[in-house]
Amino acid sequence: MNRLMLTVLLCLLPLMLRGEVDFYDPKIQEGVKLHDRGVQGDKESVGLAFAIFEGILREQPDNMIALAYHGSTLTLKSRDAFPGPSKLEFLKKGIQELNQAAEKAPDNLYVRLIRGINFWNLGELPFLGDRRKDAKKDFYKLVELIEAEPKKYDKALRQGVYYYAGLALREDDDDPTAVRLFVKGMELNPASETALKIRREMMNISQGLSATPVRTKQ
């Protein structure tokens, strides 16, 4: 997973620590920390995060944030597994859980963000379809959510949402709307790493070039 994706995911943690997330639970705090270490490549943390979210779901089966993170850890377990049936099963189950969480909590920013970043990262998969189609839906919904309550969310998180929504719009051949969102993102923090990526995309648009591919490790 690239640095920007990790940055946006890490923006969730301060919000959780302030208790602003639905289904707030101290166990989720530890699970999120371990999950984010796993995103950076720590395989042991992936397993520990998986166990924590599995325990939360046994006690709180309707906790959709826990389910989304559980699904995300399954995609990380797939990333780390040796080629074979278990690698595919982890991935299929992770996708299923991320979809289930989004279906049951369609207006939950954190659920939609977790799924959107995962699915954008996964892209098109053999036999499993193009996950970016759902990622685009998530990013467009996320724009609605952050614009409804902009002061509630970290600027870096909002900037990341605008960036990915802009990329999604570019893939959907809607450069004018992409530019509008890129400008909103840029204004949040013109000096950030994300702003540099936004400037590159706006330059690509002005030169008639396609979107810059987002390279990931997953």
Side-chain angles (χ1 to χ4, degrees), residues 1-13 15-16 21-23 28 32 35-36 38-39 49 53 64-76 78-79 91-125 128-150 152-172 174 177-178 181-182 184-185 188 194 197-198 201 211-218:
M1 189 173 288
N2 66 22
R3 286 179 60 190
L4 177 56
M5 289 181 178
L6 178 59
T7 297
V8 176
L9 276 175
L10 289 175
C11 288
L12 294 179
L13 186 56
L15 294 168
M16 289 186 172
V21 175
D22 292 337
F23 311 111
I28 288 182
V32 171
H35 170 276
D36 292 340
V39 169
F53 290 120
M64 292 301 103
I65 288 178
L67 182 63
Y69 268 110
H70 190 265
S72 182
T73 58
L74 280 166
T75 67
L76 294 174
S78 174
R79 177 200 66 187
L91 184 57
K92 288 170 63 177
K93 181 65 172 173
I95 290 171
Q96 178 184 356
E97 290 188 359
L98 285 160
N99 283 335
Q100 183 181 349
E103 288 167 6
K104 290 190 174 182
D107 295 326
N108 188 300
L109 180 141
Y110 309 99
V111 167
R112 299 298 289 263
L113 183 61
I114 294 163
R115 186 180 78 156
I117 289 176
N118 267 271
F119 282 9
W120 188 265
N121 194 38
L122 290 173
E124 189 166 357
L125 300 167
L128 296 175
D130 185 1
R131 309 323 308 175
R132 284 197 173 185
K133 291 181 179 179
D134 287 325
K136 290 175 185 179
K137 295 176 185 176
D138 290 331
F139 293 139
Y140 298 155
K141 180 65 176 180
L142 286 165
V143 170
E144 293 179 17
L145 293 172
I146 64 170
E147 291 189 342
E149 296 183 278
K152 182 176 181 180
Y153 305 111
D154 185 278
K155 283 187 178 181
L157 184 152
R158 288 155 55 205
Q159 192 173 58
V161 167
Y162 281 129
Y163 172 69
Y164 280 106
L167 290 182
L169 286 161
R170 294 215 65 202
E171 284 202 357
D172 284 344
D174 188 354
T177 307
L181 296 190
F182 284 150
K184 286 186 176 183
L188 290 170
T194 306
K197 294 177 182 290
I198 289 174
E201 291 308 318
T212 303
V214 177
R215 300 186 180 276
T216 66
K217 294 181 181 180
Q218 188 160 325

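Remember, it's a predicted structure, so these values are computed and weren't measured experimentally. Start at 1 with the first residue, then count along the sequence.
Listed by chain and number, the residues in a side chain to side chain contact (heavy atoms under 4.5 Å, CB included) with Asn99 are Ile95, Glu103, Arg115, Phe119, Arg131, Asp134 (sequence neighbours excluded).
Here the closest non-hydrogen pair linking Gly116 and Ala135 is O-CB, 3.5 Å. Between Ile114 and Ser72, the shortest heavy-atom contact is CG2-CB, 4.1 Å. The minimum heavy-atom distance linking Gly166 with Ala178 is given by the pair O-CB, 3.5 Å. Scanning both residues, Lys197 and Tyr163, for their nearest heavy atoms gives CB-CE1, 3.7 Å. When all heavy atoms are compared, the tightest approach of Gly38 to Leu76 is C-CD1, 4.2 Å. In plain terms, the two heavy atoms of Ala165 and Val143 that are nearest each other are CB-CG2, 3.5 Å.
Panel note: side chain Arg112, backbone Pro106; a donor-acceptor pair is recorded below 3.5 Å. At least one donor-acceptor pair under 3.5 Å links the side chain of Asp154 to the backbone N or O of Ala156. Under the 3.5 Å distance criterion, the side-chain polar atoms of Asn121 are left unmatched by any main-chain donor or acceptor of Ile117. The closest donor-acceptor contact from the side chain of Tyr140 to the backbone of Ala168 lies under 3.5 Å.
A perpendicular orientation is assigned to the rings of His35 and Tyr69, their planes being inclined by more than 60° (bins at 30° and 60°). Between Phe139 and Tyr164, the ring planes lie parallel to each other; the angle is under 30°, not in the 30° to 60° tilted range.
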Leu109 vs Leu142, test: side-chain contact (heavy atoms from CB on, under 4.5 Å). Steps then yes/no. CA-CA 6 Å; Leu109 180 141; Leu142 286 165; 3.6 Å; yes
Apply side-chain contact (heavy atoms from CB on, under 4.5 Å) to residues Leu91 and Thr75 and explain how you reach the verdict. CA-CA 5 Å; Leu91 184 57; Thr75 67; 4.3 Å; yes
Run Leu122 and Leu128 through side-chain contact (heavy atoms from CB on, under 4.5 Å) and show every step you take. CA-CA 10 Å; Leu122 290 173; Leu128 296 175; over 6 Å; no
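Residues Met64 and Asn108 are not in side-chain contact: their nearest non-hydrogen atoms beyond the backbone lie 4.5 Å or more apart. A 4.5 Å side-chain heavy-atom check between Ile198 and Gln159 finds at least one atom pair inside the cut-off. Put simply, the side chain of Tyr162 does not reach to within 4.5 Å of the side chain of Thr194, judged on heavy atoms. Between Ile65 and Val111, the closest side-chain pair of non-hydrogen atoms falls below 4.5 Å. The closest side-chain heavy-atom distance from Phe182 to Arg170 is below 4.5 Å.
Distance check: Leu167 CG to Arg132 CZ gives 8.0 Å after rounding to the nearest 0.5 Å. Taking OG1 from Thr73 and CZ from Arg79, the interatomic distance works out to 11.0 Å, rounded to the nearest 0.5 Å. Of the inter-residue distances, the one linking Leu181 atom CG with Glu201 atom CD reads 13.0 Å to the nearest 0.5 angstrom. Taken to the nearest 0.5 Å, the CD atom of Gln96 stands 9.0 Å off from the CG atom of Leu67.
In summary, Asp107 and Lys141 engage in a salt bridge, as defined by a charged side-chain N under 4.0 Å from a carboxylate O.
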